[in-house]
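Structure incoming, see below.
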Amino acid sequence: MRTVNRSAQLPVVVGVDGSDHSLRALDRAVGEAVLRGAPLKILCGASAHRFAPDGAPGTSGAPGAVDASGEAEGAATADTADEERRRALARQARQTAESAAERARESAPGLEVEPSAVDENAVAALVRAGSRAALTVVGTRGHGGFTGLLLGSVSLRVAAHIEGPLMVVRGDNERPRHTVVVGVEYGTDTDAARYGFEEAERRAAALLVLHAWELPVHPGVMVPPPTRVLEEIAEEQARYEESVPMDAVAGLREAYPNVDARAETVYAGPGHALVEASAAADLVVLAAHRRHRLFGMRLGPVTHAVLHHAHCPVVLVPTAA
């Protein structure tokens, strides 16, 4: 086992909003911090609400025409009311962060915990903190400053832009499986493979490095190639696909001799294969290939499928496209 310099450990970061899902993420983040001997940083954001103007339906202000001086006075009053509401939201964020910190300290006495209420949107806060974190942890959904941290736009934007590993806490596996699964798309996905080895060693778990593939289907092709040609193409492709996980783990077995690791290639849809493998895993690690699209960086369909359907937490390791 490697010697860890705890004073040099980057923190584990977790986003909370007081929801049950975020508390589940918090509990997982506490465990991850303890495993690493790392401090825990808890972030809670004050929601950026758009407040209804005074005089609008459902507000206390009375509608009606006012003169210029009345307009100015009304604007000042509205600004004051908005500021008071923002302060109230900031107080709520601080209380949520402090409550989460108290829960973390009770769960892991001696753990260094830093609660922080931030006045910025969830994406910016988590991406910023994640650039200086060993791991960033989020839940599947919420209701406050960190709403929708998996299936909504917030989590997907965090995953598309964060510079460090991101754990999404989800799934229904209740008991330990003592297995870590790494999904690799290319033989160059060594960062994800290395992360998987580290996690397996940290948890004293077995490691499965999994690559799944299917021959492409070309709809609209009226005259398929001769059977022998198809067989040759399939055989050549299969040889390449078999090499992918082996290339990804090259040199890592020697670097992590205590990890019981195996590389496997299966002929199946990658999303389906990884979700199926997650049923027997404590953690799934994915090489998150972020690709430029018309509206910015986006994750691929396999990553989306695993995030939506995995039976255990998922860690995305940023990887160049």
Side-chain angles (χ1 to χ4, degrees), residues 6 9-45 92-118 122 125-126 129-130 133-152 154-155 158-159 162 164-181 195 198-200 202-205 278-285 306-316:
R6 297 193 176 191
Q9 281 286 291
L10 294 172
V12 171
V13 172
V14 60
V16 300
D17 61 12
S19 68
D20 289 342
H21 289 282
S22 78
L23 292 179
R24 184 183 179 194
L26 171 66
D27 293 343
R28 182 63 185 242
V30 170
E32 296 298 326
V34 170
L35 271 177
R36 291 164 170 76
L40 177 67
K41 183 171 184 177
I42 300 171
L43 294 183
C44 182
Q92 183 180 19
R94 287 194 296 272
Q95 291 169 359
T96 298
E98 290 290 350
S99 176
E102 183 178 351
R103 179 186 178 104
R105 294 185 184 108
E106 290 177 354
S107 175
L111 176 65
E112 181 183 341
V113 181
E114 177 191 351
S116 178
V118 293
L126 290 168
L135 178 68
T136 301
V137 182
V138 296
T140 54
R141 57 183 66 87
H143 57 56
F146 291 93
T147 287
L149 286 176
L150 171 61
L151 304 180
V154 170
S155 66
V158 172
I162 197 167
L166 175 72
M167 174 182 283
V168 179
V169 179
R170 59 155 296 110
D172 49 17
N173 288 351
E174 297 294 337
R175 58 184 179 81
R177 265 59 174 183
H178 306 293
T179 298
V180 173
V181 173
Y195 191 92
E198 292 172 355
E199 290 301 311
R202 188 174 284 127
R203 301 164 199 278
S278 74
D282 300 310
L283 187 69
V284 170
V285 179
V306 177
L307 287 178
H308 281 76
H309 302 294
H311 298 279
C312 66
V314 179
V315 173
L316 304 182

Of all pairs that satisfy salt bridge (Lys or Arg N to Asp or Glu O under 4.0 Å), the ones with a partner from residues 21-30, not counting sequence neighbours: D27-R103, R28-E32
Sidechain N-carboxylate O distance under 4.0 Å for R203, E199: yes
For A101, which residues count as a side chain to side chain contact (heavy atoms under 4.5 Å, CB included) partner, sequence neighbours excluded? I42, R105, V113, P115
Does S22 use its side chain to pair, donor to acceptor, with the backbone of G18 at less than 3.5 Å? yes
Contacts of E198 meeting salt bridge (Lys or Arg N to Asp or Glu O under 4.0 Å) (sequence neighbours excluded), chain-then-number -> none
Judged by atom type as modelled, is there a donor-acceptor pair below 3.5 Å linking the side chain of N173 to the main-chain atoms of A281? yes
Counting distance only, does the side-chain N/O of R36 pair as donor-acceptor with the main-chain N or O of V34 below 3.5 Å? no
Which residues pass the side chain to side chain contact (heavy atoms under 4.5 Å, CB included) test with A310, sequence neighbours left out? R170, S278, V306, V314
Quick one: pull up CG in L26 and CG in L40 and give me the separation to the nearest 0.5 Å. 6.5 Å
Test item: side-chain donor near acceptor, D172 and H311, under 3.5 Å: yes
Output yes when a side-chain donor or acceptor of D282 lies under 3.5 Å from a complementary backbone atom of V180, and no otherwise. no
Pairwise side-chain contact, P39 with Q9, heavy-atom cut-off 4.5 Å (strictly under): yes
For A25, enumerate each residue passing the side chain to side chain contact (heavy atoms under 4.5 Å, CB included) test, keeping only those at least two apart in sequence or located in another chain. V14, V137, V169
Residues that A204 engages under side chain to side chain contact (heavy atoms under 4.5 Å, CB included), provided they are two or more places apart: none
